[in-house]
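In what follows, a single structure is set out as structure tokens and then discussed.
These numbers come from the heavy atoms of this one structure, side chains and all, not from hydrogens, waters or symmetry mates.
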Amino acid sequence: MPVEEARQQFEVNLFGLAAITQIVIPYMRKSNSGTIINTSSMGGKMYTSMGPWYHASKHALEGFSDCLRLELKQFNINVVILEPGIIVTEFGDVMLKNISKFSSKGQYSSLTNKLVTATKKMYDSGQGSKTSVISKTVTKIVNERKPKTRYRVGLWAK
């Protein structure tokens, strides 16, 4: 995968989130309260072949969130990491499209084709959790006075 594509992965998964976070923190500090929920992934704790930039961006998000939690604790601001497993969304299609685009030919074609086939089979057979598992978890987090630092939800999250 070209480095420019990797930069885009970090823009989406880390830098965009960081920019929004910097905008809201002054308001939270002023009110001496708040909860920031950063959506990571099970991919922020583990890794697979053919996904180095995705996993790197999610690992970075985990570290960013953990540091932010330490810094904001004094202002009574919670920083929570949501770590979904397989959720039935368009993510699988997007992931497979990019993997195929950059790795389906050449030295990694065999590995890529096996990964694409297995992932399609998993999604086609309905393996994955409904998106409602995320909305229910977010509702739980915002209603807790002292939320946990991490919530692993959905199939394959633990």
Q. Quick one: CG on Leu61 to CG on Asn38, what's the gap to the nearest 0.5 Å?
A. 5.0 Å
**Q.** Separation between NZ of Lys136 and OG1 of Thr131, rounded to the nearest 0.5 Å
**A.** 10.0 Å
(Q) Can you list everything that forms a side chain to side chain donor-acceptor pair (under 3.5 Å) with Asn76? Sequence neighbours excluded, please. (A) none
Q | Separation between CD1 of Ile81 and OG1 of Thr39, rounded to the nearest 0.5 Å | A | 10.5 Å
Q. Got a second to check how far Glu83's CD is from Lys158's NZ, nearest 0.5 Å?
A. 11.0 Å
Q: Identify the two heavy atoms, one from Ala157 and one from Gly85, that lie closest to each other, and give their separation to 0.1 Å.
A: CB-N, 3.6 Å
(Q) Just so I know, are the side chains of Ser129 and Val153 near enough to count as touching, which here means a heavy-atom distance under 4.5 Å? (A) no
Q. How many angstroms lie between NE2 in His55 and CD in Gln9, if you round to the nearest 0.5 Å?
A. 9.5 Å
In a table with atom names and distances, give each donor-acceptor pair under 3.5 Å that connects a side chain of residues 138-146 to protein atoms at least two apart or in another chain.
unit_1, atom_1, unit_2, atom_2, d
Thr139, OG1, Ser135, O, 2.9
Asn143, ND2, Thr139, O, 2.9
Glu144, OE1, Tyr151, OH, 2.8

Q. Is it true that Val79 and Phe75 fall in one hydrophobic cluster, defined by side-chain heavy atoms closer than 4.5 Å?
A. yes
Q | Separation of Leu82 CG from Ser65 OG (nearest 0.5 Å) | A | 10.5 Å
Q: May I have all residue pairs that pass salt bridge (Lys or Arg N to Asp or Glu O under 4.0 Å) and include part of residues 67-81, sequence neighbours excluded?
A: Asp66-Arg69
Q.
Taking Leu14 as the starting point, is it possible to reach Ile36 by hopping between hydrophobic residues whose side chains are less than 4.5 Å apart?
A. yes
Q.
If the test is side-chain hydrogen bond (donor to acceptor under 3.5 Å, both in side chains), which one of Ser57, Ser40, Ser41 qualifies with Asn13?
A. Ser57
Q | Nearest heavy-atom neighbours spanning Thr35 and Met28 | A | O-CE, 3.7 Å
Q. If every non-hydrogen atom of Val133 is compared with every non-hydrogen atom of Gly154, which pair is closest and at what distance?
A. CG2-N, 4.2 Å
Q: Hey, can you tell me if Phe15 and Phe10 have their rings parallel, tilted or perpendicular (30° and 60° cut-offs)?
A: tilted
Q: Check Phe64 against Leu17 and note the closest heavy-atom contact, atom names and distance.
A: CE2-CD2, 3.7 Å
Q. Is there a donor-acceptor pair closer than 3.5 Å between any side-chain N or O of Lys45 and the backbone N or O of Lys58?
A. no
